[in-house]
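Input: a single structure, listed below in structure tokens.
FYI, side chains are in, hydrogens and waters are out, and symmetry mates aren't considered; it's all heavy atoms of this structure.
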Amino acid sequence: MEANQSQAHLQEHLRIIRRGVVDMIENRELEERVAESIKTGKPLRVKFGMDPTSADLHVGHAVPLRKLRAMQQLGHHIVLIVGDATAMVGDPSGRNKLRPPLSRAAVEENLKTYVDQAAKLLDLSKTEIRRNTEWFDQMSFEDVLKLCGRMTVARMIERDTFQKRIADNEPIGIHEFLYPLMQGWDSVMVRADLELGGTDQLFNLLRGRDLQREEGQRGQICFTTPLINGLDGRKMSKSYGNAITFNDVPEDMYGKVMSIEDGVMREWYTLLTDVSEREIDELLAGHPREAKARLAQEITTQFHTREAALKAREAFDRRFRDKEIPEDVPEVAWPAGASGGVQLMALLKDLGLCASTSEAKRLIEGGGVRLDNEVHKDPRAMIQAPQQSLLIQAGKRKFVRVQAPS
RNA sequence: GGGGAGAUACCGAAGCGGUCAAACGGGACGGACUGUAAAUCCGUUGGCUCUGCCUUCGGCGGUUCGAAUCCGCCUCUCCCCA
């Protein structure tokens with residue numbers, strides 16, 4: 001009886017851990033160690049590293065973080081490595097350009113916001129947070145050389161990332177070769193049982209496994225989650241401007257999810273929500289718009305509140321489905337002098353709706369500007385200060401209500 | 001250390017003395033269609049005191065009436081040889 005129970009328990013653990021996972025090196029070992037952990041009551045040490053190389057986390061980062069939370073809820077121990085040392089090197093994985101080393105100051109800056117953002121998904125009170133400068137700052141040059149001796153150039157440059165750069169005649173910095181070794185060394189230092197990363201991390205994860213073995217430890221189990229594509233289908237990245245970030249306001253977050261391709265819904269449901277497989281099937285069998293709305297709501301709720309997500313949904317429906325004016329149009333003061341008018345294009349720039357007059361001009365000529373719901377196409381039209389107020393719409397998303405000057 | 005190739009707008013990539021604010025593709029933005037999906041079509045894509053003017057083609061100088069295009073030096077990258 002008890003044996004059956006723990007067997008069921010094991011299967012449940014494995015199901016949760018494996019959901020959405022791409023690589024699992026090795027599955028057999030996973031089963032063994034999870035079973036062992038359940039039997040002994042000793043939690044597994046699950047390592048995950050985040051490098052503070054930019055200021056904002058996006059939902060792509062949420063995939064592994066959610067996995068960690070799930071494992072945390074199963075009672076396992078999460079070791080979050082804040083890679084302040086590795087961030088200075090910069091992970092070359094998936095990079096087609098040389099990564100210049102980051103300064104310590106820049107890293108510190110990003111670090112501040114990082115942990116706060118991770119806290120939206122992880123229970124930090126149960127998370128062990130370690131900076132890897134803790135050990136890397138202690139290393140002597142000799143230690144570094146010894147570590148370098150653990151890896152050959154041939155093995156390093158057989159990686160796709162480097163092959164591609166070589167083919168494209170892109171530079172590769174020597175320091176970039178150190179990254180996988182550093183990440184691997186982290187595993188040795190925290191005695192990880194498992195390490196999680198994106199699919200682009202497999203090489204780095206496996207270095208940890210190797211190094212641990214060389215150091216007489218059990219090699220960690222390495223598993224990966226998919227990288228999520230951004231809104232335009234390219235890899236999600238803040239620098240592409242195609243990301244949904246943890247800090248997006250509910251309305252943006254909801255709206256951005258609504259604009260993803262139908263084809264990725266299953267993946268997003270699997271990786272970014274807890275909706276069951278069966279329910280996902282049902283949702284996807286129905287109208288795509290409904291399925292997406294639910295998805296948007298699920299995701300928004302995770303980073304904000306249920307109420308905020310509902311409000312976002314209402315606002316979204318009003319604006320885009322019913323094509324009505326949004327509720328919360330910001331009110332601004334008439335920017336020009338009280339007397340006389342302003343050219344429309346200048347007005348848009350003054351109100352901050354466009355970055356430059358030229359941009360405003362283009363937008364106007366392209367038919368993207370409405371005043372009190374009327375399309376205006378003449379950028380030079382003189383606009384007089386309104387008697388009451390004037391509703392300006394620039395593009396699909398930007399609304400502003402200008403108040404009469406007093 | 002020697003030899004060769006290259007650096008162009010957000011990205012890729014043409015241009016190789018004037019007609020270049022710079023072809024083309026991608027991306028982005030706007031419009032039509034729609035479910036802020038996909039596909040498709042159209043337009044825009046340096047700035048401004050906007051039918052003209054100003055600043056752009058790695059940096060600094062030079063030649064020329066005139067340079068992204070020619071010359072010199074510098075910086076960076078790649079390749080080959082040692």
Side-chain angles (χ1 to χ4, degrees), chain A residues 95-100 157 162-174 176 229-244 248-269 283-284 286-297 299-300 312-326 336-337 340-350 353-371 373-382 392-399:
Chain A
R95 282 272 172 164
N96 53 15
K97 283 260 191 314
L98 176 85
R99 277 192 89 157
I157 60 174
F162 291 136
Q163 282 303 323
K164 191 164 182 315
R165 280 212 227 160
I166 289 166
D168 294 346
N169 287 346
E170 285 289 338
I172 298 173
I174 298 282
E176 296 183 87
N229 282 137
L231 305 174
D232 54 6
R234 291 185 291 170
K235 179 182 163 186
M236 187 176 289
S237 159
K238 216 191 150 208
S239 46
Y240 289 156
N242 64 359
I244 301 179
D248 277 344
V249 297
E251 285 71 23
D252 286 346
M253 191 175 272
Y254 187 94
K256 284 179 181 179
V257 176
M258 287 305 282
S259 77
I260 64 171
E261 289 174 37
D262 288 359
V264 301
M265 280 201 279
R266 178 177 294 279
E267 184 182 32
W268 283 49
Y269 263 115
L283 284 160
L284 292 183
H287 188 90
R289 190 184 189 281
E290 287 314 307
K292 209 175 284 177
R294 168 74 186 280
L295 178 64
Q297 213 172 323
I299 291 172
T300 307
R313 174 176 195 156
E314 283 163 19
F316 178 89
D317 285 348
R318 180 175 15 255
R319 192 185 305 179
F320 296 107
R321 188 191 57 196
D322 308 331
K323 304 218 186 321
E324 286 177 13
I325 312 295
V342 216
Q343 287 194 329
L344 180 53
M345 57 184 182
L347 181 62
L348 292 178
K349 192 202 164 195
D350 291 343
L353 295 170
C354 295
S356 67
T357 344
S358 307
E359 188 186 309
K361 186 179 170 189
R362 279 179 235 128
L363 187 65
I364 296 162
E365 288 174 341
V369 173
R370 292 162 190 263
L371 302 181
N373 247 346
E374 293 282 324
V375 175
H376 278 241
K377 287 200 165 187
D378 178 9
R380 273 177 250 287
M382 293 303 284
I392 304 181
Q393 180 177 2
K396 287 189 268 219
R397 301 164 196 222
K398 293 180 200 157
F399 289 84

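Nucleotides rA14(B) and rC24(B) are separated by 7 Å at their C1' atoms, to the nearest Å. Comparing rC60(B) with rU8(B), their P atoms are spaced 16 Å from each other, to the whole Å. Annotation: rG62(B) and rC53(B) have their P atoms spaced 25 Å apart (nearest Å). Taking atom P in both rG15(B) and rU69(B), one finds a spacing of 14 Å when rounded to whole Å. Nucleotides rA9(B) and rG1(B) have their P atoms positioned 31 Å apart, rounded to a whole Å. Taking the C1' atom of each, rU40(B) and rA21(B) are spaced 31 Å apart, rounded to whole Å. With P as the reference atom, rG17(B) and rG27(B) are 33 Å apart, rounded to whole Å. Spacing between rA38(B) and rA28(B) at atom P, rounded to whole Å, works out to 10 Å.
With respect to the salt-bridge test (charged N to carboxylate O, under 4.0 angstrom), the residues D317(A) and R289(A) qualify. Salt bridge R165(A)/E176(A): present, at least one basic N to carboxylate O contact under 4.0 Å. Checked for salt-bridge contact, R321(A) and E290(A) miss the test: no charged N lies under 4.0 Å from a carboxylate O.
Comparing G263(A) and M345(A) along RNA chain B, the residue whose closest nucleotide (by nearest heavy atom) sits nearer the 5' end is G263(A). Each of Q393(A) and S356(A) lies near RNA chain B, and the nucleotide nearest Q393(A) is the one positioned closer to the 5' end.
In this structure, CD of E290(A) is placed 18 Å from P of rU34(B), rounded to the nearest angstrom. As a whole-Å value, the separation of Y254(A) OH from rA37(B) C1' is 14 Å. Rounding to whole angstrom units, CG of residue L348(A) and P of rC50(B) are separated by 16 Å. If you take CZ of R165(A) and P of rC79(B), they are 12 Å apart, rounded to a whole angstrom. The separation between K396(A) atom NZ and rG31(B) atom P is 6 Å, rounded to whole Å. In this entry the distance linking NE2 of H287(A) with C1' of rA37(B) reads 9 Å, nearest Å. R397(A) places its CZ atom 11 Å from the P atom of rA28(B), with the value rounded to the nearest Å. The interatomic distance linking E261(A) (CD) with rA37(B) (P) rounds to 11 Å, in whole Å.
Base pairing analysis places rC70(B) opposite rG62(B); the two distances defining the Watson-Crick or G-U wobble pair are each below 3.5 Å. The partner of rG27(B) is rU45(B), by the rule that a Watson-Crick or G-U pair needs both atom distances under 3.5 Å. Remark: rG6(B) base-pairs with rC76(B). Criterion, Watson-Crick or G-U wobble with two distances under 3.5 Å. Under the Watson-Crick or G-U wobble criterion, with both distances below 3.5 Å, rA13(B) is left unpaired in every strand shown. Of all nucleotides present, only rA32(B) satisfies the Watson-Crick or G-U wobble test against rU40(B), with each distance under 3.5 Å. When both distances must be under 3.5 Å, the Watson-Crick or G-U wobble mate of rU55(B) does not exist. The base-pairing partner of rG1(B), taking Watson-Crick or G-U wobble contacts with both distances under 3.5 Å, is rC81(B).
Side-chain atoms of K398(A) never come within 3.5 Å of backbone atoms of Q393(A) as a donor-acceptor pair (strictly under, hydrogens ignored). No donor-acceptor pair under 3.5 Å is formed between the side chain of Y269(A) and the backbone N or O of L283(A).
Nucleic acid contact class of T357(A) (heavy atoms, under 4.0 Å, all strands): base. Among the heavy atoms of the strands lying under 4.0 Å from G255(A) is at least one base atom, whether or not backbone atoms are also near. Residue contacts shown for I364(A) are absent, as no nucleic acid heavy atom lies under 4.0 Å away. Nucleic acid contact class of P288(A) (heavy atoms, under 4.0 Å, all strands): base.
Residue S358(A) places at least one side-chain N or O closer than 4.0 Å to OP1 or OP2 of rC48(B). Here R362(A) does not reach the OP1 or OP2 of rA28(B): none of its side-chain N or O atoms lies under 4.0 Å away.
Taking only distance into account, the side chain of K361(A) meets the base of rC50(B) through a donor-acceptor pair shorter than 3.5 Å.
Q343(A) and R380(A) share no donor-acceptor pair across their side chains, judged by distance under 3.5 Å alone.
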Quick one: side chains of residues 359-366 of chain A, donor-acceptor pairs under 3.5 Å with protein atoms, not counting sequence neighbours, listed by atom name and distance.
none

